[in-house]
Amino acid sequence: ASDVYKRQEQSGDKVKYTLFLQTGVVALEGETDNEAQALEIIEKIGNNANAAQMTMAEVVLSENEQKQIRIDKLKALQDAGKDPFEITLATQTHHSDEIKAHFDELEEKDVTIAGRIMTWRDMGKANFIDIQDRNGRIQAYVRMNDVGEDVFKEFKTWDIGDIVEITGFVFKTRTGEVSVHTKQIRLLSKSLLPLPEKFHGLTDTDTRYRKRYLDMIMNPDVKDTFIKRSKIITSIRNYLDNLGFIEVETPILNTIPGGAAARPFITHHNTLDMDMYLRIATELYLKRLIVGGMERVYEIGRVFRNEGLDTRHNPEFTLMELYQAYTDYYGMMDLTENMFRYVAQEVCGTTVIPYAEETIDLGKPFERLTMVDAVKKYAGVDFDQIPDTAAAKKLADEKGVHYEERHAKGDILNLFFEEFVEEHLIQPVFIMDHPVEISPLTKRKPDKPDYVERFELFIYGREMCNAYSELNDPID
């Protein structure tokens, strides 16, 4: 069979059509003034082709034309007293994955599912549709003899993208696919806009980020990421709560933008007639709680930084900060390592995580390197042997590392780290003992005062967290 459909309509009121062979190869493209002309051409091709006669042809109009057709269908339903938008309650006894996982128990038993129609295979008086719910997809078999002629006639006017409720018994098709044999079907919500066409799906990055709801419909992995994110946050809370940490909420509107070096968003408090700032960090209020005797506190909340924007940086994002009295950065490293391991096991069921082209092993002890040792390992330069800033700048010139005039030796060490080291840090590694020049409000190492008690955790070449033994000397 050939399947005739079009991509995004581009030109006025013309009807575009594309003829595909069974192999998916484009056999013919064209456009006509109206749908009737297109169908006439399609029929002529089907009747005269050397291959078997075409069994299915579909002309899809522009998005605006499709929308109007769907609106007309909705109006017809409303005029008949069957407005789907009046429905406020639906039944859902099982999700798709539960039915597949427990087929032996559910075979021949009735279930009720609800979800969006994603594909449709029309075989006359019998149809197969794929229903997508939160947990996946399942096939439903809809036959006129089972649901009744009137319901089936109405069903045939529905569209891909509509949300339905189906009650029927569980069975397997001759090909072995777990399915639901429909006894009752009801339209719950009418989709007035078509989904992205099935051959190419939703691939445009800008559209995916601007229309996340559409991205989740068309790309199941995206929805899975959202669900995992929620489980990760729950697991972090469970882990910290079990260690005696208290979750708190601190003000979002601040009188000063403190706790980080970032450009803030500015708003105005009308009653007080004063400018205020959306917080760029939660740090300052959490430290005050430690001073007040809370000992162990954390907050998971939104922060706002009026800076760059790309697929990895958003001006508002979720940040987790925690503070603990009576420990140092070694204690915080142990806590962090165990937390990553715990969360991975809870959410993914394993501590070995495939990511991009790598496999990240969170089960092994995390490597710990000072920044000086990391630069020595990957760049072949020992900054312990660099006597001063002048020598560091000379070395940077030789290695082609760009620096600013204001930079001191510690700054240049950090530049070497960013240039030569970060990309190699695929497996989990703590980078410790940063230079004091790039670490304000951090406690100095007593035996090496040019360096501080600080660490960053790197995985896949990216910074996962940043921690310090906090400076508590008010004079320093």
Side-chain angles (χ1 to χ4, degrees), residues 240 243-251 254-264 277 279-301 303 305 319-339 368-375 383-384 386-389 392 404 406-418 430-458 463-476:
L240 293 176
L243 291 178
F245 282 84
I246 305 297
E247 183 176 11
V248 297
E249 290 184 337
T250 61
N254 293 176
T255 54
I256 58 170
R263 181 184 301 145
Y277 305 92
R279 67 184 180 191
I280 58 176
T282 60
E283 178 172 331
L284 299 184
Y285 286 101
L286 293 176
K287 286 181 174 178
R288 290 170 185 170
L289 290 170
I290 294 293
V291 172
M294 294 288 283
E295 294 189 3
R296 299 185 181 198
V297 296
Y298 73 96
E299 180 171 11
I300 300 173
V303 296
R305 298 181 180 181
L319 180 71
M320 193 273 284
E321 290 196 40
L322 63 89
Y323 291 83
Q324 178 180 347
Y326 314 125
T327 190
D328 61 8
Y329 73 146
Y330 289 107
M332 197 59 70
M333 271 188 271
D334 293 339
L335 181 151
T336 302
E337 180 172 344
N338 291 331
M339 180 173 67
R368 300 185 181 188
L369 284 174
T370 67
M371 183 175 282
V372 169
D373 286 342
V375 170
F383 265 76
D384 280 342
I386 307 297
D388 52 31
T389 297
E404 298 177 18
R406 63 180 178 83
H407 282 157
K409 174 185 171 182
D411 298 297
I412 295 172
L413 168 60
N414 184 57
L415 293 174
F416 268 74
F417 174 79
E418 293 174 349
F430 288 113
I431 299 299
M432 310 158 47
D433 300 354
H434 296 54
V436 69
E437 289 90 343
I438 62 168
S439 308
L441 303 179
T442 310
K443 188 167 292 200
R444 296 172 187 261
K445 292 181 68 65
D447 56 335
K448 295 184 72 174
D450 289 337
Y451 297 90
V452 297
E453 294 189 355
R454 173 186 174 188
F455 72 81
E456 294 173 295
L457 173 61
F458 281 84
E463 178 194 338
M464 297 289 113
C465 65
N466 187 20
Y468 318 83
S469 292
E470 295 286 347
L471 181 64
N472 59 353
D473 181 345
I475 305 301
D476 192 2

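- Here the options are L289, L322, L286, L319, the test is side-chain contact (heavy atoms from CB on, under 4.5 Å), and the partner is E299; only L286 passes.
- Inter-residue side-chain proximity for Y285 and N254 is flagged as met; some heavy-atom pair is nearer than 4.5 Å.
- Contact check on D433 versus K448 returns no salt bridge, with no Lys/Arg side-chain nitrogen under 4.0 Å from an Asp/Glu carboxylate oxygen.
- Under the 4.5 Å side-chain criterion, counting only non-hydrogen atoms from C-beta, E470 is in contact with Y323.
- Under the 3.5 Å distance criterion, the side-chain polar atoms of N338 are left unmatched by any main-chain donor or acceptor of L335.
- In this structure, R454 contributes its side chain and I438 its backbone to a donor-acceptor pair below 3.5 Å.
- In terms of modelled atom types and a separation under 3.5 Å, the side chain of R305 and the main chain of I280 share a donor-acceptor contact.
- A donor-acceptor pair under 3.5 Å is formed between the side chain of R279 and the backbone N or O of T250.
- Rounding to the nearest 0.5 Å places NZ of K443 at 6.5 Å from OG of S469.
- Heavy atoms only, all atoms of each residue included: L441 and E283 are closest at CD1-OE2, 4.4 Å.
- A distance of 9.5 Å separates CD of E453 from OG1 of T442, quoted to the nearest 0.5 Å.
- Here the straight-line distance linking atom OG1 of T327 with atom CD of E295 works out to 12.0 Å at 0.5 Å rounding.
- Taking every heavy atom of both residues into account, G410 and E437 meet most closely at CA-OE1, 3.3 Å.
- Note that CZ of F430 is 11.5 Å distant from CG of L369, once rounded to the nearest 0.5 Å.
- Atom-to-atom distance recorded for T370:OG1 and I431:CD1 is 8.0 Å, nearest 0.5 angstrom.
- Counting heavy-atom neighbours within 6.0 Å of R263 CZ, excluding the residue itself, gives a total of 12 or less.
- The heavy-atom pair separating I246 from M294 by the smallest distance is CG2-CE, 4.0 Å.
- Taken from NZ in K409 to CG in D450, the straight-line distance is 6.5 Å, to the nearest 0.5 Å.
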Run the numbers on M432 and M371 for side-chain contact (heavy atoms from CB on, under 4.5 Å), then give the verdict. CA-CA 6 Å; M432 310 158 47; M371 183 175 282; over 6 Å; no

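- Looking only at side-chain heavy atoms (C-beta outward), E456 and H434 come within less than 4.5 Å of each other.
- Across all non-hydrogen atoms, the minimal contact from I290 to R296 is CD1-N, 4.2 Å.
- Salt bridge E337/R368: present, at least one basic N to carboxylate O contact under 4.0 Å.
- For T336 against C465, the heavy-atom pair with the smallest separation is CG2-SG, 3.8 Å.
- Applying the 6.0 Å contact sphere to CD of E418 captures more than 12 heavy atoms from other residues, nucleotides or ligands.
- The backbone N or O of F417 sits nowhere less than 3.5 Å from a side-chain atom of N414 that would complete a donor-acceptor pair.
- For F383 and F416, the ring centers are positioned less than 6.0 Å apart.
- Looking only at side-chain heavy atoms (C-beta outward), H407 and T389 stay at 4.5 Å or farther from each other.
- The shortest heavy-atom contact between A281 and E321 is CB-OE2, 3.7 Å.
- With a 4.5 Å cut-off on side-chain heavy atoms, V436 and Y451 do not count as touching.
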